[in-house]
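None of these values were measured; they are calculated from a predicted model. Just so it is clear, the values below take in all heavy atoms, side chains as well, and ignore hydrogens, waters and symmetry mates.
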Amino acid sequence: MDDVGQGAVPTPRTACVFGASGGIGRALCEGLAAAGCPRIHAGSRAGVGPEGESFRPFAFDLADEASIAAAAQAMRGDPPEWVIVATGVLTLPDGTGPERTYKRIDAAAMAEVFALNTIGPALIAKHVLPLMPRDRRFVFAALSARVGSISDNRLGGWHSYRASKAALNMLLKNLALELARTHPLGVVAGLHPGTVDSALSRPFQSGLPAGQLTAPEAAAANLIGVLAGLTPAQSGRVFDFRGEEVPA
């Protein structure tokens, strides 16, 4: 497991989840609260999230940089120690799903997938990372996917989704390298949650082997445990829900 989980640190005093209305995002918020995190900024398009004293709901839109900048500015007085970007899309709102062949590639659909899976998280990083402390540990993580691994790709297809997640993984590596020069205790990581029972995976759940589908609550607990154990030496990599590194 490459020492993930060794010398695990306590859960953060303050956290932020972008995408708190999604299945995994909401479960991450609730899991952080259950683990003892007293303040959780919970972001969604509608500005609503889990109910409870721990949560600080806010509104943002991945396609609107100004809304992301405003959300970061609002957190400046109470900056999060952990930031988790739990956004992402596999099937677009109009029903356009992942392409099974290059013949189905559509420029507009591909651009939308990249806007949500890659550019959106990049803009969140742009505005949130300046809030991170230089003298102590912090975490910036984004939900990625094993299918974004280039070396592990044996089936092909799903062109836009695979490419957008591969690009996200490169972005996270870039951020880790840049931040290491000024924030040596920071951790930047991608997370592969497995196949989670959520709206994103629902159209593709038929035929899954027994036991492969994970409840959002279990997935969130797994990911929180992984993040708690990551060290700065592991920054810039992608890890699955077991804490095992996903190859680039």
Would a hydrophobic clustering, with Ile, Leu, Val, Met, Phe, Trp and Tyr connected at side-chain separations under 4.5 Å, put [X] with [Y]?
X    : Y    : result
V128 : V188 : yes
F60  : V85  : yes
L191 : V238 : no
I68  : F140 : yes
I24  : I224 : yes

With T87 as partner, the option from L116, L62, N117 fulfilling side-chain contact (heavy atoms from CB on, under 4.5 Å) is L62

Look only at the side chain of [X] and the backbone of [Y], and say whether a donor-acceptor pair between them is shorter than 3.5 Å.
X    : Y    : answer
R56  : E53  : yes
E99  : R104 : no
S151 : A248 : yes

From [atom1] ([X]) to [atom2] ([Y]), nearest 0.5 Å:
X   : Y   : atom1 : atom2 : value
L90 : T96 : CG    : OG1   : 11.5 Å
I40 : W82 : CD1   : CH2   : 11.0 Å
S54 : E30 : OG    : CD    : 11.0 Å
I84 : L32 : CD1   : CG    : 5.0 Å

Does a donor on one side chain sit under 3.5 Å from an acceptor on the other, for Q73 and H127?
-> no

Are V139 and V83 close enough, and set up right, to give a side-chain contact (heavy atoms from CB on, under 4.5 Å), and what steps lead you there?
-> CA-CA 6 Å; V139 168; V83 176; over 6 Å; no

Evaluation steps, side-chain contact (heavy atoms from CB on, under 4.5 Å), between V147 and N153 = CA-CA 7 Å; V147 296; N153 183 0; over 6 Å; no

Heavy-atom side-chain proximity of F239 to H192 below 4.5 angstrom = no

Please tell me if the side chains of C37 and R13 come closer than 4.5 Å, counting only heavy atoms from C-beta onward.
-> no

Could you give me the CA-CA distance, side-chain angles and deciding distance for L131 and F138, then say whether side-chain contact (heavy atoms from CB on, under 4.5 Å) is met?
-> CA-CA 10 Å; L131 307 180; F138 70 85; over 6 Å; no

Does Y102 sit in a hydrophobic cluster with other residues, and if so which ones, taking ILVMFWY side chains as linked at heavy-atom separations under 4.5 Å, directly or through other members?
-> I105, M110, F114

Does atom CZ of R39 have more than 12 heavy-atom neighbours, drawn from other residues, nucleotides or ligands, at distances under 6.0 Å?
-> yes

Please test K126 against E65 for side-chain contact (heavy atoms from CB on, under 4.5 Å), starting from the C-alpha separation and ending with a verdict.
-> CA-CA 10 Å; K126 173 184 175 180; E65 183 177 358; 2.7 Å; yes

Acceptor/donor pairs from residues 168-187 side chains to any protein atom, 3.5 angstrom cut, sequence neighbours excluded:
{"residue": "N169", "atom": "OD1", "partner": "S144", "partner atom": "OG", "Å": "2.6"}
{"residue": "N169", "atom": "ND2", "partner": "K165", "partner atom": "O", "Å": "3.4"}
{"residue": "H183", "atom": "NE2", "partner": "M132", "partner atom": "O", "Å": "3.4"}

